[in-house]
Amino acid sequence: MPPGGGQADPYRVWLSEVMLQQTTVAAVRAYFERFTALWPTVQDLAAADDAQVMAEWAGLGYYARARNLLACARAAAAMGGFPTTRDGLRALPGIGSYTSAAIAAIAHDAPETVVDGNVERVVARLFAVETPLPAAKPDLVALAETLTPATRPGDYAQAMMDLGATICTPRNPACGICPLIHDCDARAAGIAASLPRKVPKTPKPDRTGIAWVARHGGGVVFEERPAKGLLGGTLAFPSARWDGRDLPPPGNAEWRGIGQVRHVFSHFNLSMQVVVGDLDTAPDRGHLVPVDRIDRDALPGLMRKVWDMARAEIVA
DNA sequence: TTCCGGTATC
DNA sequence: GATACCGGAA
């Protein structure tokens, strides 16, 4: 990519930027060479066979990029070439906020502010922004815009991303060799390595539980969930543990496990053991619903899954 | 094993 | 605003 003056081929800039989304330079290089050899222009790529493009992309990951790549190439070819403005580029498939700014700045030397993950990190450190991501993103973009120069914005954008990729790295920033060491608020405060902060991605805990599908007299035991809390007020199979309650089964039976259903709640993942059995006596809680009157669609998703699994056994 | 990262989608 | 999509690196 020739530096300065917007001499770069928009097609090659676009192709490399799309490949570099979520992907390292080292991984991209061979793919870029291969693609540009096979399809030297956007018209060539637009005319390419879908299956061949997908095959050539194989191994790069995020295959939606490859599908969008073709859609974008065809759209650009149909309009006689790539748009030159950020907004025009932004409207094409697979080109978002970052890529549109990058192409405008690098291929056309437009004074757009290019903010990728590297730039977010560099700016958060330069200005010691302690607000966690992603909430800090608008602030970081606004701060980055104050830095974009009128001259050679494309080279500047690439330099900022290079700085983030090679010196201002996530874990151990090489502040000792950073050209901006005297401009960096975070370095001055001794907190560079801890920025940018991020909202702790609390992984959803895994919970387990048990649901009893209890038959008696041609019916199955249901009960209403407590009005408040998880699945509050809904119709449910008697169950325990997953919701913090440690209840016994709704009666005596020879229980046999038939499998587990998985369900994702907003704040945890559930693996529910499904057991079925024939009660010796009337259930000691809940009420019996005749099998042919069970309305699958009236059950919450979790219990629907339980019933779908149990029905084959029950109705047999 | 965890972290990292643009876009689309809902 | 959260999640899915993937592979590479720490």
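Because only heavy atoms are used, hydrogens play no part in the values below, and waters and symmetry mates are left out as well, while side chains stay in. What you see is a predicted model; the values in this text were computed from it and never measured. To find a chain, count down the sequence lines: A is the first, B the second, and so on, and within it residues start at 1.
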Exercise. Is A/V276 reachable from A/L247 through a run of I, L, V, M, F, W or Y residues, each pair having side-chain heavy atoms under 4.5 Å apart?
Worked result: no
Exercise. Have A/W242 and A/S239 got a donor and an acceptor in their side chains that come within less than 3.5 Å?
Worked result: yes
Exercise. Under 6.0 Å between the ring centres of A/Y31 and A/W57?
Worked result: no
Exercise. If you measure only the distance, is there a donor-acceptor pair under 3.5 Å linking the side chains of A/T148 and A/T113?
Worked result: yes
Exercise. So what does A/P134 touch, heavy atoms closer than 4.0 Å: a base, only the sugar-phosphate, or nothing?
Worked result: nothing
Seminar exercise, completed: When every non-hydrogen atom of A/V13 is compared with those of A/A102, the smallest separation belongs to CG1-O, 4.5 Å
Exercise. Do A/N68 and A/R65 get their side chains close enough for a donor-acceptor pair, meaning under 3.5 Å?
Worked result: no
Problem set entry | Distance-only donor-acceptor test (3.5 Å): side chain A/Y62, base C/dG7 | no
Exercise. Can you name the residues that form a side chain to side chain donor-acceptor pair (under 3.5 Å) with A/R171, not counting sequence neighbours?
Worked result: none
For this session: Could you state the atom-to-atom distance from CH2 of A/W57 to P of C/dG7 in whole Å?
Result: 12 Å
Exercise. Which listed nucleotide (C/dG8, B/dT7, B/dG5) is nearest to the side chain of A/T99?
Worked result: B/dT7
Seminar exercise, completed: Whichever of A/L60 and A/N172 has the more 5' nearest nucleotide on DNA chain C, that residue is A/L60
Seminar exercise, completed: Rounded to whole Å, CZ of A/R197 lies from P of B/dC4 at a distance of 15 Å
Exercise. Whole-Å distance between B/dT9 P and A/I95 CD1?
Worked result: 14 Å
Problem set entry | Nucleotide B/dG5, atom P - distance to CG of A/N118 in whole Å | 7 Å
For this session: Would you kindly give the CE-to-P distance between A/M161 and B/dG6, to the nearest whole Å?
Result: 9 Å
Problem set entry | Separation of B/dT7 P from A/E120 CD (nearest whole Å) | 11 Å
Problem set entry | Atom-to-atom span, CD of A/E17 to P of B/dG5 - whole angstrom | 15 Å
Exercise. Where along residues 18-25 of chain A does a heavy atom come under 4.0 Å from DNA chain B, residue by residue in number order?
Worked result: A/Q21, A/Q22
Exercise. NA contact type, A/N68, heavy-atom cut-off 4.0 Å: base, sugar-phosphate, or nothing?
Worked result: sugar-phosphate
Problem set entry | Atom-pair distance (NZ on A/K198; C1' on C/dG1), nearest Å | 16 Å
For this session: Between A/R121 and A/G94, just flag the one whose closest nucleotide in DNA chain B comes earlier from the 5' side.
Result: A/R121
Seminar exercise, completed: The nucleotide from B/dT7, C/dG8, B/dC3 with an atom nearest the side chain of A/R171 is B/dC3
For this session: Remember a base hit wins even if backbone is also touched, and classify A/Y98 as base, sugar-phosphate or nothing at under 4.0 Å, heavy atoms.
Result: sugar-phosphate
Exercise. So what does A/R67 touch, heavy atoms closer than 4.0 Å: a base, only the sugar-phosphate, or nothing?
Worked result: nothing
